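To start, the structure itself, in C-alpha cells.
If you're wondering where the values come from, they're calculated on a predicted model, not measured in any experiment. Reminder, nothing fancy here: chain letters follow the sequence lines and each chain counts from 1. Only heavy atoms go into these numbers, but all of them, side chains included; no hydrogens, no water, no symmetry mates.
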Amino acid sequence: MKKLKLYCVIIGNALNRRQSLFSFIIATKERYTDGVKWKFLEHKGPVFAPPYEPLPSNVKFYYDGKHMKLSPQAEEVATFFAKMLDHEYTTKDIFRKNFFKDWKKEMTSEERSKITDLKKCNFTEMSDYFKAQAEARKSKTKEDKLKIKEENERMLQEYGFCVMDNHKERIANFRIEPPGLFRGRGDHPKMGMLKRRIRPEDIIINCSKDSKHPVPPPGRKWKEVRHDNKVTWLVSWTENIQGSIKYIMLNPSSRIKGEKDWQKYETARRLKKCVDRIRNQYREDWKSKEMRIRQRAVALYFIDKLALRAGNEKEEGETADTVGCCSLRVEHIKLYPENDGQEFVVEFDFLGKDSIRYYNKVPVEKRVFKNLQLFMENKEPDDDLFDRLNTSILNKHLQELMDGLTAKVFRTYNASITLQQQLKELTNVEENIPAKILSYNRANRAVAILCNHQRAPPKTFEKSMQNLQTKIDAKRDQLADAKRELKSAKADAKVRRDEKSKKYRIEEQLMKLEVQATDREENKQIALGTSKLNYLDPRISVAWCKKMGIPIEKIYNKTQREKFAWAIDMAEEDYEF
DNA sequence: GCGCTGACTTAGCACAACTTGA
DNA sequence: TCAAGTTGTGCTAAGTCAGCGC
C-alpha cells in the first residue's frame, strides 16, 4: 500500500529528484529481484540513417585517368572511401584490401570487370566535394543553423525519449549507425570492410505488450517485435563485421542505468571490507603446491596492484591482438632480478583494450618474481604466461571469496579508494578554489594513471601551451608594474588602498594562470574523463565538494551531473567510500 | 569444463558547440 | 564580431561476464 502511494507521487512528479531517489531504492530493494527490468516500456523505435543521395553529375570519379560513371551502389561505397582520403587509414594495406574486396561486391559486373586496381582509382573530386560541403555547412547563416538545431531538437523530442515504468527517460543512441567503412582500433584485421546499411527488416523491437508499438517506415517491416522485460534494450540489430548484436539503450541519467551504477559502487565498497582477507589469501596462494593456484594468485595480485583488466581470450585473426591479465603472454613481460637499484622488477609491455600500450616497470615481492620465472620456464614468447588460468576460472574463484566479486570490481575499488586517499592527502580547506581544483584534478590524474587511461596529445597542445605561457609572462609584467605603482603611492591612503587591491587581483589572476598551465602540462597524455565517468564513486566527489565549499559544477559538467544525480542527492559531506 | 552468445559496461576519438580575447 | 582555442557530446568499438547447451 505504502509502495503504491509512493508510485503515485512519482508519477505526479517524475523529475523531482528526491522522489525519483525513493523509487530508485524501492526498485533495487523490492521490485526487481527476479531479473525483471521493467513492467512497462513504450518508445517510437529507431531513427534510420538518411538514404544515399547520389553525387551531382559534375563530381566525377576517374579510373586509370578516365572518367567513369558509377552505379549508385558502387558510388555510395566509393564516397565512404573518398570521405576518409585524408586519413592515415586509407594508406594501410589491410584497410585498402578489405575495402576493395567489399567495394567490388557492390559493383555491377561491368564495373567489376573494369575496376581491378584500387591504385588506379581517383577519388579526389569526391573528396573535394565533401570538403566543400563541410565548409558550406560551417559558414551557414545564423538562421539556417538555428533551423537545423530546431529540427534536431524536434527529432530528439520525438524519438529521444521513452516511457519506462512511469518515468519518461532519455534514450542514449536512438539513431541507427549509418553505413560506412569499419574503422577498428590498432591493427585490426577487418579495418576498411563495408559496414552495411541497416534496414527496418534487420531491427528487433523490444517493448511491452500493452504499449503503443513503434511503427516501421511506410511499406516496411520490423524483423521482430518482442516483449522481453528481462533486458533493458529497446532496439537491437546484428552488425555485419563481427556478427555481434548492437543495441539502443537508455541514457546514463535513466533510473535503470543509475541504479546499476550505484550497485557497482556498493559492490566495490563491500570489497573494501574484505580486501585485506583476500590479499592475505592470495599471498598464501603464492606458495601453493598447485600450479593453477599459484597462477591464479599471481594474476590476482596484478589485477589488484596494477588495476589490470581481466583479459578474456579473443578469437585470433578476428580482432586486434590485445591482452589483459589472464591472456598475458611470455613476450609481454621481462624479469629483472635487479634494475636501477631495485630488486625483482617486472617490466610490462603490451597492448591493452583499444590497443592502448601498457608500459610499466614495477618491483614485486620475491615470491611473485620466483613464480613468474617458474611460469615462463620452457615456454616460447607467444605462449600464455598463465597457461592454467582464464577469466572464467578466476571469476569463479572471486565469486567464492565475496558475493558479486569479479576481476573488474578491483579496478573500481582501487580507483575509488585512490581518489579518496589522494583527495585527503592533497587538499587543504584553507586553499583557494583554483588550488583545490588543481588538487582534485591531480587526484583524478593519479587514478587515470593507475587505470592507464591515455589519450593522444591534442593536436594543438604545443601551441596552446605557448599561448598560456605568453599570458603568464604578460601577467607577470603587469604585476611588476602594479608593485611599482603601489610603492610610489605612499602619501594618499585611498590611492594606496586601490593599488593594493589591484596588486592582489593581479596576483590572483597570475596564480590562476600558473595553476592552469601546470594542470594542462600534467594532463598532456592522460584522459581524466574515463575514470571520472566509470570508476570513481561520484559520492566521493560530491562529499569533497561539500566539505571544501566547491560548487559541484566545477567538477561535473551538465551531462555528468545528470548521470550522477543519484549521488548528488545522496551523499553528505561525511560520506566515506 | 568448454565454447559460444547475449547483454551490458568501458573506451578513445572526431567533431560540434561554446567561450574567449583581439 | 570573428577566429582561435577549449570543452562537451555523440559515436561506436572493444571490453567484461553470466548463462546456456553440450
Note to self: Nearest whole Å is fine: how far is dA14(B) P from Phe130(A) CZ?
What the structure shows: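 Result: 19 Å.
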
Worksheet entry | Within-4.5 Å side-chain heavy-atom neighbours: Asp202(A) and Arg196(A) |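 Side chain of Asp202(A) against side chain of Arg196(A), heavy atoms only: contact under 4.5 Å found.
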
Is the [X] ring parallel, tilted or perpendicular to the [Y] ring (thresholds 30°, 60°)?
{"X": "Phe348(A)", "Y": "Tyr358(A)", "answer": "perpendicular"}
{"X": "Phe95(A)", "Y": "Phe81(A)", "answer": "tilted"}
{"X": "Tyr556(A)", "Y": "Phe564(A)", "answer": "tilted"}

Over all strands shown, is [X] touching base, sugar-phosphate only, or nothing at heavy-atom distances under 4.0 angstrom?
{"X": "Lys195(A)", "value": "sugar-phosphate"}
{"X": "Pro178(A)", "value": "sugar-phosphate"}
{"X": "Ile241(A)", "value": "nothing"}

Does [X] make a side-chain N or O approach to OP1 or OP2 of [N] shorter than 4.0 Å?
{"X": "Thr530(A)", "N": "dG12(B)", "value": "yes"}
{"X": "Lys37(A)", "N": "dC8(B)", "value": "yes"}
{"X": "His87(A)", "N": "dA14(B)", "value": "yes"}
{"X": "Tyr535(A)", "N": "dT9(B)", "value": "no"}

Once side-chain contact (heavy atoms from CB on, under 4.5 Å) is applied, do any residues pair with Thr91(A), and if so which ones, sequence neighbours excluded?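 Checked Thr91(A) against side-chain contact (heavy atoms from CB on, under 4.5 Å); matches are Glu88(A).
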
### Query
Sequence neighbours excluded, which residues qualify as ring-ring contact (aromatic ring centres under 6.0 Å, His included) partners of Tyr247(A)?
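For Tyr247(A), the residues satisfying ring-ring contact (aromatic ring centres under 6.0 Å, His included) (neighbours in sequence not counted) are Trp233(A).
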
Counting primed atoms, P, OP1 and OP2 as sugar-phosphate and everything else as base, the B/S/- map of nucleotides 14-22 of chain C against protein heavy atoms under 4.0 Å is BSBBS----

